[in-house]
Amino acid sequence: MEKKFLLTEKEIPTHWYNIVADMPNKPLPPLHPATKQPLGPDDLAPLFPMELIMQEVSSDRYVEIPEEVREAYKIWRPTPLIRAINLEKTLGTDCHIYYKYEGTSPSGSHKPNTAIPQAYYNKKQGVKRITTETGAGQWGTALSFACKHFGLECDVYMVRISYDQKPYRKSLMNTFGANVFPSPSERTNAGRIALGADPNTPGSLGLAISEAIEMAVGDEETKYSLGSVLNHVLLHQTIIGQEAEKQMEQAGEFPDVVIAPLGGGSNFAGLSFPFLKHKIAGKSLRAIAVEPASCPKLTRGKFMYDFGDAQGYTPLLPMYTLGHTFKPAAIHAGGLRYHGASVICSQLLKDGLIEAAAIQQLECFEAGVLFARTEGIVPAPEANHGIAQVIREVNRAKEEGVKKTILFNLCGHGFVDMAAYDDYFAGKLVNHSFTDEEVTSEIASLAALQP
Ligand SMILES: *Cc1c(COP(=O)(O)O)cnc(C)c1O
């Protein structure tokens with residue numbers, strides 16, 4: 001039985017796929033928070049280079065991948081598609097389970113797929129330095145690598161508590177040549193105000209975003225970069241699904257179900273959108289985005305305009321959200337602790353083209369450990385959510401007496417997340433729940449933001 005499906009460098013896709021061209025209902029526009037009017041490309045120019053802004057608003061079906069970007073992709077792409085034969089055997093299922101493995105990248109996740117083109121377009125426009133924030137450190141690591149590749153400086157504002165608790169992520173970023181500052185820092189107004197109020201504050205992602213944006217807006221030669229949520233980020237990630245499509249053809253199959261975890265939506269979009277193209281054209285397919293039960297914007301949030309960050313600095317985005325002030329429990333899948341979902345994924349869910357599931361972290365770690373013991377790869381805690389859903393689908397197929405072909409995104413390995421596994425084995429991880437009233441009150445406060 002064939003286990004690995006590999007492509008050659010020549011088969012790296014030449015274009016990214018833009019699902020907006022094929023969506024029955026186009027995404028609603030982002031709004032300026034003061035005027036509630038749709039945002040124009042010029043409003044974003046202080047933050048992003050023009051080519052990325054044009055991708056952000058594009059409805060062209062395909063966007064050509066620059067040659068320099070395809071060259072850089074060759075460092076780790078094409079990534080393998082693997083059939084999880086040992087997992088299938090252990091589960092005792094007739095279902096075929098395939099995974100696309102994005103952990104072979106320099107930072108160990110799918111994030112360099114967008115970090116590379118983002119650094120490239122900034123370099124092309126003459127930008128000298130990129131600022132960003134990082135929570136758990138996956139995005140900061142990917143951008144550090146990409147900036148070094150194209151000769152840009154990279155300043156990463158890392159949430160103080162992660163900076164202290166995840167020293168190896170900081171070491172990785174330093175190895176790739178980035179400057180890493182614990183946030184809040186003394187370098188920005190936002191940081192100084194926060195430190196003035198509480199010198200021992202653990203920081204937050206919202207505050208780190210504020211610091212990174214402040215440094216970019218205040219300097220002509222500096223721009224800002226985001227690792228998820230935005231349309232251009234999702235676009236770049238479609239390299240994953242396009243490769244997987246060719247590899248599934250090699251395997252002689254088309255998936256019945258495509259599964260990926262969802263934080264902001266980029267790795268889910270990356271794997272599923274090239275397959276959803278066929279669903280929109282009439283083919284049968286289920287695409288399931290999996291979120292943590294402790295941060296369930298897709299399954300318990302509301303589709304509304306909301307800010308992208310905790311502080312309210314970003315444009316208003318039409319998305320499924322728990323409210324920008326929602327504080328998710330400190331689960332170990334740091335990449336999934338975000339209050340909203342990308343505008344495109346939100347519209348697709350609203351239109352019934354994708355599904356969503358929420359799973360508690362103990363079930364996720366149980367699935368991740370089973371995967372490690374059968375397939376030999378320790379998954380990132382985020383990826384465990386996808387694996388737990390795969391197991392649910394296998395059990396459902398057994399009950400229904402059907403055989404399914406399931407494809408999921410192993411979006412990263414967990415080598416820098418072993419503390420999370422230690423906590424799981426020590427019985428320190430717990431499930432989190434909250435009441436409908438708690439969700440409703442966060443969301444009620446969004447009424448004033450609606451156009
Ligand atoms: C960042 C990250 C995520 C969540 O972000 P998405 O944009 O939803 O993909 C999930 N898994 C890993 C490994 C990540 O690094």
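When a residue number appears, it is its place in the shown sequence, counting from 1. All ligand and atom numbering here is 1-based and tracks the order in the structure. On a predicted model such as this, the values are computed, not experimentally measured, just so you know.
Proximity annotation for atom 5 (O) of ligand 1: of A341, G335, S107, G335 comes nearest, heavy atoms only. With atom 2 (C) of ligand 1 as the reference point, the heavy atom nearest to it among Q138, E382, K111, H110 is part of K111. When the heavy atoms of D417, V233, N267 are ranked by distance to atom 9 (O) of ligand 1, first place goes to N267.
Ring planes of F145 and H149: tilted class, angle from 30 to 60°.
A donor-acceptor contact closer than 3.5 angstrom is absent between the side chains of Q347 and K26.
Residues forming a side chain to side chain donor-acceptor pair (under 3.5 Å) with D155 (at least two apart in sequence, or on another chain): N179.
At least one cation-pi condition fails for R61 and Y17: the charged atom is not both under 6.0 angstrom from the six-membered ring centre and inside a 45 degree cone around its axis.
The protein atom (non-hydrogen) at minimum distance from atom 8 (O) of ligand 1 is G263 N, 2.7 Å. The nearest heavy-atom contact from the protein to atom 7 (O) of ligand 1 is S228 OG, 2.5 Å.
Smallest separation of non-hydrogen atoms from P49 and N122: CD-OD1, 3.3 Å.
The shortest N or O to N or O distance between F268 and ligand 1 is not under 3.5 Å.
Applying the 4.0 Å criterion to heavy atoms of L262 picks out, from ligand 1, the atoms 8 (O). Near C411, meaning under 4.0 Å from any of its heavy atoms, are these atoms of ligand 1: 11 (N), 12 (C), 13 (C).
Every heavy atom of A383 sits 4.0 Å or more from the atoms of ligand 1.
A heavy-atom distance below 4.5 Å is not found between the side chains of E442 and L322.
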Worksheet entry | Full working for side chain to side chain donor-acceptor pair (under 3.5 Å) between Y99 and R83 | CA-CA 6 Å; Y99 59 95; R83 180 152 166 212; over 6 Å; no
